[in-house]
Number of protein chains: 2
Amino acid sequence: MMVTMSASAGTPRATMADVARAADVSVMTVSNVVNDRAARVSDETRARVLAAIDALGYQVNVAARQLRQGRTGVIALAVPDFSAPYYGELATRLADRLAASGLRLVVERTGGALSDELALLERSRLSAYDGLIMSLTRADADDLAEAHATRPVVALGERGMSAGVDHVAMDNVGGARLATEHLLARGARRIAVVGGSLKDGESMSASRTRGHVEALAAAGLAPEPSLVIEGGVDLAAGYAAVTRLADAGVGFDAVLALTDTAALGALAGLSQRGLSVPGDVQVVGWDNTESGAYGVPTLTSVDPDNERLAAEAVRLLLARLDGAASPAEQVVPTASLAVRGSTRSGA
Amino acid sequence: MMVTMSASAGTPRATMADVARAADVSVMTVSNVVNDRAARVSDETRARVLAAIDALGYQVNVAARQLRQGRTGVIALAVPDFSAPYYGELATRLADRLAASGLRLVVERTGGALSDELALLERSRLSAYDGLIMSLTRADADDLAEAHATRPVVALGERGMSAGVDHVAMDNVGGARLATEHLLARGARRIAVVGGSLKDGESMSASRTRGHVEALAAAGLAPEPSLVIEGGVDLAAGYAAVTRLADAGVGFDAVLALTDTAALGALAGLSQRGLSVPGDVQVVGWDNTESGAYGVPTLTSVDPDNERLAAEAVRLLLARLDGAASPAEQVVPTASLAVRGSTRSGA
DNA sequence: CTGAAAGCGCTAACAC
DNA sequence: GTGTTAGCGCTTTCAG
């Protein structure tokens, strides 16, 4: 361990009043310079003010500005979990698009509990942002409506919601049908659903499982409950699911994992058990992440149309920031399938 | 697309004055209730105030509070890139530890450019946070010192810095030596360094490459420039590096990738080329991420001691928030090697 | 083009 | 226990 010079937190900041004094103008003129209200200040005054700003190292106090005008220029993205690559890719897409409108993105973690998701909506926290994009897993329409958010909120992802909140949803049922049809066409007959749930409802797990069951039914097959593995959709869950099935002697010839992350965990588990993909077991993931595209083997995955999801979320949010008071919209991009090496070729 | 009820941004918020009026007390009493200054308000008054708060749906205005007391309870983590799993895991560890001290973590992206890293340090942006943990790639000691941050800053990661800023560094040279010795002991003789650089300096690439070269030298081997692949350390870079080497007919029997992400890309590229790991080519990554532990095959990786990195970063930051004016510290946890299936067993 | 006054919502410091 | 005063740093409004 090395020890070097002091690391104190710096000088007390200069205020607009300090700058005004140094430049021998009023604070209002400083404010006009800082905010580029061009028409309102002469070139020569501006130069003097800028020099003073530079000399004092002045920076505006965002808290004061926000208190006065109520805006921050920052949008928050709330995700259940920092670690899943999908959310990282989502954040990247959103940040790029928002930057084009002069807005900054920061990412918060909700922890995936209902109470955490609602806490973010409390005005006390939301007020630090101009708007919120929320990747929901627990909260639903009624929760959001009750929360009476004071800033525009766009819900993203899983749940079928209908009321009061702009929502960019995923094509959960359609995507699961596509994936299942693809597997059936390639000879799979016993498909394990990692992260699935046979419960009713609009949760991500339930609606994707429903799409899967519909596709089975269309092919004259009945779902088998022992192949629907409830639990998480992270790496460990995918790994554990295939390992447990194999240990229990439950036969299966395909895996539909409800996230790419779970699918990668399943690939690891299958490899560990000496099962080949796609020879012994075919695997389909969900989200079409880059991490899946670089899997071994490369991962066939449901593509929820990530670019469109991001584009719509930003469009809806910008419209609200612009003051739009139109009814809430629900947008559901159509899912497709990105076919790669983890499922067999040909039909 | 569906259209439902209105999604306006909600009611104008109630202020403390509104609550005070409703409860027939002063704003100061409301403030005391809201901030749990227990001793200063009777149970009966408190109940009345809480009822009013509930009835009006009051929430404190954080901007006003911040303007007054200068603190926000929020710590920012700045990372070059939202997508790399390593940063997600880092954010998770930091958020958990900070939560134990009642602090919230938000994640910002710097984009990995020097100007972006410095922009975050500008007081105008930093003032929204009580402190900043910065995963540096471009900025160094002098840059940070010049930035005169107004809040405590802890630098994290790659660069060897020495002055003025608390810094939790990685054991770049030591980790690279360990990894290289491990590969040499298992029979590797031609080790490709993905993301490496033979330039001088303290950059992540340069210092890890230096450790690698030192280990080669200790074994009486000379580095071969054609095996040091400059460029990125993401999935695509790892994939492209091994693909190009194979196409060019440059023989290699091992890969030292400077991140797990690049290593996973390399695994994908090797698999695609029909090369077996660890039979034909052994692979070592860096960061010891969960994503590597679930690779196919599971990834041997340099473990920078992630838990300790997070713990030290939080410890240093909390000390500064507490007002510590001690000299800047530099902490360098010792790296170790997590040995898994991508390198051969035995010695 | 420039400035003075008022106040955003809150809390520290001090009365009572 | 509770209230009063003052002011954090900025921008809106209106007067010059």
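Lettering follows sequence order; numbering is per chain, from 1. Predicted model only: the values in this text are computed from it and were never measured.
- Two residues are said to be in side-chain contact when any heavy atoms from C-beta on lie closer than 4.5 Å; Leu318(A) and Leu103(A) meet this criterion.
- A donor-acceptor pair is defined here as one N or O able to donate and one able to accept, closer than 3.5 Å; such a pair exists between the side chain of Asn32(A) and the backbone of Met28(A).
- Asp130(A) places a side-chain N or O within 3.5 Å of a backbone atom of Gly73(A) that can act as its donor or acceptor partner.
- Salt-bridge annotation for Glu312(A) and Arg97(A): absent, with no side-chain N of the basic residue lying under 4.0 Å from a carboxylate O of the acidic one.
- Taking side-chain N and O atoms only, Thr45(A) has no distance below 4.0 Å to OP1 or OP2 of dC1(C).
- Put simply, CG on Asp24(B) is 12 Å from C1' on dT2(D), counting in whole angstrom units.
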### Query
Where along nucleotides 7-16 of chain D does protein come under 4.0 Å, by heavy atom, of base (B) or sugar-phosphate alone (S), with - for untouched nucleotides?
BBBBBB----
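- Look at Thr29(B) and you'll find a side-chain N or O under 4.0 angstrom from OP1 or OP2 of dG3(D).
- Taking the charged nitrogens against the carboxylate oxygens, Arg109(A) and Asp96(B) do have a contact shorter than 4.0 Å, which makes a salt bridge.
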